[in-house]
Amino acid sequence: MDIKIKLYENCGDLMPAKAHSDDAAYDLRSRCDIELVPGVSTLVPTGVFIELPVGYEAQIRPRSGLALKHDLMLTNSPGTIDAGYRGEIGVIMYNAGKEKFSISRGDRIAQMVICRLPEVTLVEADSLSDTVRGAGGFGSTAVR
């Protein structure tokens, strides 16, 4: 399936790409030099615009190396790009570290996975089936 990608002016070098042919995700790169301040969420532009078919979404996910080595996270992970969105893809990055982190134009900042959405219908019901877990959640297994 072909997915249309448009790039911001002079951003041909920022085309999303997989590092390996069997990777699940396309790397997204920063369109500009930007500094991430500790304790602050920052929108990092990618220079990428996408046209997804109806019934698909693009999920924006963090890069594990940035998380492990630099305490960088994506605030709304995974982020969702809907089929009807035609604006520039931006990545909301959060610096959980103690020092400023500099991103240069072209640095890989996130991953994009394109997913087909299942056809579902939500049906209101008066009751739900019982399970062993039931309504237990938010720490109900006592695992730290």
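Values below: all heavy atoms of this structure, side chains included; hydrogens, waters and symmetry mates excluded.
- Closest non-hydrogen pair, Leu52 versus Ala58, comes out as CD1-N, 3.5 Å.
- Within the 3.5 Å criterion, the main-chain N or O of Asp23 finds a donor-acceptor partner in the side chain of Lys18.
- Atom CG of Asp27 and atom CG of Asp107 lie 11.5 Å apart (nearest 0.5 Å).
- Gln111 places a side-chain N or O within donor-acceptor distance of the main-chain N or O of Pro62, the cut-off being under 3.5 Å.
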Walk me through whether Leu66 and Met93 qualify under side-chain contact (heavy atoms from CB on, under 4.5 Å). CA-CA 10 Å; Leu66 290 177; Met93 299 189 75; 4.2 Å; yes
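- Between His70 and Phe101, the ring planes lie tilted relative to each other; the angle falls in the 30° to 60° range.
- Note: Leu28 CG to Met112 CE = 5.0 Å, rounded to the nearest 0.5 Å.
- Counting heavy-atom neighbours within 6.0 Å of Asp2 CG, excluding the residue itself, gives a total of 12 or less.
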Would you sort out whether Phe49 and Tyr85 count as a side-chain contact (heavy atoms from CB on, under 4.5 Å), showing the intermediate values? CA-CA 9 Å; Phe49 302 76; Tyr85 180 67; over 6 Å; no
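- Thr42 places no side-chain N or O within donor-acceptor distance of the main-chain N or O of Leu36, the cut-off being under 3.5 Å.
- Looking only at distances, a side-chain donor or acceptor of Asn95 sits under 3.5 Å from a matching main-chain atom of Gly97.
- Val132 and Leu128 sit in two unconnected hydrophobic clusters of ILVMFWY residues. Membership requires side-chain heavy atoms under 4.5 Å apart, directly or through other members.
- Criterion: ILVMFWY side-chain heavy atoms under 4.5 Å apart, direct or through other members. Under it, Met15 and Val91 are part of a common hydrophobic cluster.
- A salt bridge between Asp71 and Lys98 is absent, with no side-chain N of the basic residue lying under 4.0 Å from a carboxylate O of the acidic one.
- Here the straight-line distance linking atom CD1 of Ile3 with atom CD1 of Ile50 works out to 6.0 Å at 0.5 Å rounding.
- Note: the hydrophobic cluster containing Tyr94 does not contain Val37 (ILVMFWY, side chain heavy atoms under 4.5 Å, direct or indirect links).
- For the atom pair OG1 of Thr80 and CD of Gln59, the computed distance is 6.0 Å after rounding to the nearest 0.5 Å.
- Hydrophobic clustering of Ile, Leu, Val, Met, Phe, Trp and Tyr side chains at less than 4.5 Å, counting indirect connections, keeps Val54 apart from Met1.
- Nearest approach of Glu88 to Gly47, heavy atoms of both residues: OE2-N, 2.6 Å.
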Quick one, Leu7 with Val48, criterion side-chain contact (heavy atoms from CB on, under 4.5 Å). Give me CA distance, side-chain angles, the key distance, then yes/no. CA-CA 5 Å; Leu7 299 172; Val48 174; 3.9 Å; yes
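- Across all their heavy atoms, Ile103 and Ser30 have their closest contact at CG2-CB, 3.5 Å.
- Although no hydrogens or angles enter the test, the distance criterion places a donor-acceptor pair under 3.5 Å between the side chain of Arg86 and the main chain of Ala83.
- Pairing each heavy atom of Leu14 with each of Arg31, the nearest pair is CD1-CA, 3.6 Å.
- Note on Leu117 and Val120: separate hydrophobic clusters, where clusters join Ile, Leu, Val, Met, Phe, Trp and Tyr whose side-chain heavy atoms are under 4.5 Å apart, directly or indirectly.
- Ionic pairing of Arg105 and Asp13 is present here: one or more N-O contacts between side-chain nitrogen and carboxylate oxygen are shorter than 4.0 angstrom.
- A pairwise comparison of heavy atoms in Ala24 and Val113 identifies O-CG2, 4.0 Å as the closest pair.
- In this structure, Thr131 and Gly134 approach most closely via the heavy-atom pair OG1-N, 2.9 Å.
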Steps toward side-chain contact (heavy atoms from CB on, under 4.5 Å) verdict (Ile92, Ile60): CA-CA 10 Å; Ile92 304 170; Ile60 310 304; over 6 Å; no
